[in-house]
Amino acid sequence: MAKDSSSSSSSVPSTPWLKDELDIVIPTIRNLDFLEMWRPFFQPYHLIIVQDGDPNKTIKVPEGFDYELYNRNDINRILGPKASCISFKDSACRCFGYMVSKKKYIYTIDDDCFVAKDPSGKEINALEQHIKNPLTPSTPHFFNTLYDPYREGADFVRGYPFSLREGAKTAVSHGLWLNIPDYDAPTQLVKPRERNTRYVDAVLTIPKGTLFPMCGMNLAFDR
């Protein structure tokens with residue numbers, strides 16, 4: 001099941017969760033200067049960078065990160081005649097990163113996603129909440145009106161069946177974001193200046209059988 005989550009603020013644990021069990025996959029066409037703002041959260045983890053565009057261009061990665069970088073030449077060499085299955089000239093090239101990762105969990109983020117702040121001005125560790133979601137159950141069969149009953153300060157409300165309170169394994173953690181909404185091109189043309197400033201600190205399960213538009217730019221999943 002998928003959890004739809006806005007990222008809540010939190011401190012970095014002394015020992016990062018899933019440090020040896022999670023890869024961060026980043027598709028890019030540019031230098032990864034954006035990693036500087038994510039350094040406090042990402043530096044303990046292994047990065048898999050998939051370079052789109054001209055493979056002869058050198059992509060610069062800030063010092064101090066543990067990473068491997070693949071470009072189109074690498075994809076062609078590794079996959080041979082099957083290389084065409086990896087999309088080109090769009091962020092779906094990240095799928096190659098999923099393929100080469102050997103870790104149980106994947107977190108993926110685009111290179112133009114910045115660290116947001118909560119209403120108090122504290123930086124939000126989106127990765128930390130994404131990690132918490134797959135490690136806790138979801139409630140796909142019966143909606144709990146306090147949203148996530150496994151979160152500290154919440155529980156199952158009266159009337160929620162006891163037989164369903166163990167929940168189901170969480171497979172996908174779908175992140176949301178502030179500032180520019182994830183609109184399609186026609187909507188962006190109509191509303192070029194619209195921005196999302198509404199911070200929502202909530203985690204909820206998408207009910208079983210419900211369709212929803214999933215975006216891969218801020219996403220974690222259990223392989």
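Just so it is clear, the model here is predicted, and its values are computed rather than measured.
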Apply side chain to side chain contact (heavy atoms under 4.5 Å, CB included) to the pair Arg72 and Asn76, showing each step before the final yes or no. CA-CA 6 Å; Arg72 194 68 202 183; Asn76 291 336; 3.8 Å; yes
Test side chain to side chain contact (heavy atoms under 4.5 Å, CB included) applied to Leu127 and Tyr45, step by step: CA-CA 11 Å; Leu127 174 59; Tyr45 297 90; 3.6 Å; yes
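For Asp52, the salt bridge (charged side-chain N to carboxylate O under 4.0 Å, His left out) criterion is met by no residue, not counting sequence neighbours. Residues passing the salt bridge (charged side-chain N to carboxylate O under 4.0 Å, His left out) test with Lys191, sequence neighbours excluded: Glu194.
The neighbour count for Phe34 CZ, taken as heavy atoms of other residues, nucleotides or ligands under 6.0 Å away, is above 12. A 6.0 Å sphere centred on CZ of Arg195 holds more than 12 heavy atoms belonging to other residues, nucleotides or ligands.
Taking the six-membered ring for Trp and the full ring otherwise, the centers of Tyr98 and Phe221 sit less than 6.0 Å from each other. Here the two rings, on Tyr150 and Phe156, have centers that are under 6.0 Å apart. Taking the six-membered ring where the residue is Trp, the centroids of Phe42 and Phe65 are separated by 6.0 Å or more.
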Result block: side-chain N/O donor-acceptor pairs under 3.5 angstrom for residues 79-88, not counting sequence neighbours:
unit_1	atom_1	unit_2	atom_2	d
Ser87	OG	Asp90	OD1	2.9
Ser87	OG	Asp90	OD2	2.5

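Taking the six-membered ring for Trp and thresholds of 30 and 60 degrees, Tyr107 and His130 have ring planes inclined between 30 and 60 degrees apart.
A distance of 13.5 Å separates CD1 of Ile48 from OH of Tyr67, quoted to the nearest 0.5 Å.
We find that Asp110 and Arg94 are joined by a salt bridge, their nearest charged nitrogen and carboxylate oxygen being less than 4.0 Å apart.
In summary, of the residues considered (Lys102, Lys104, Lys103), a side chain to side chain donor-acceptor pair (under 3.5 Å) with Asp23 occurs for Lys103 alone.
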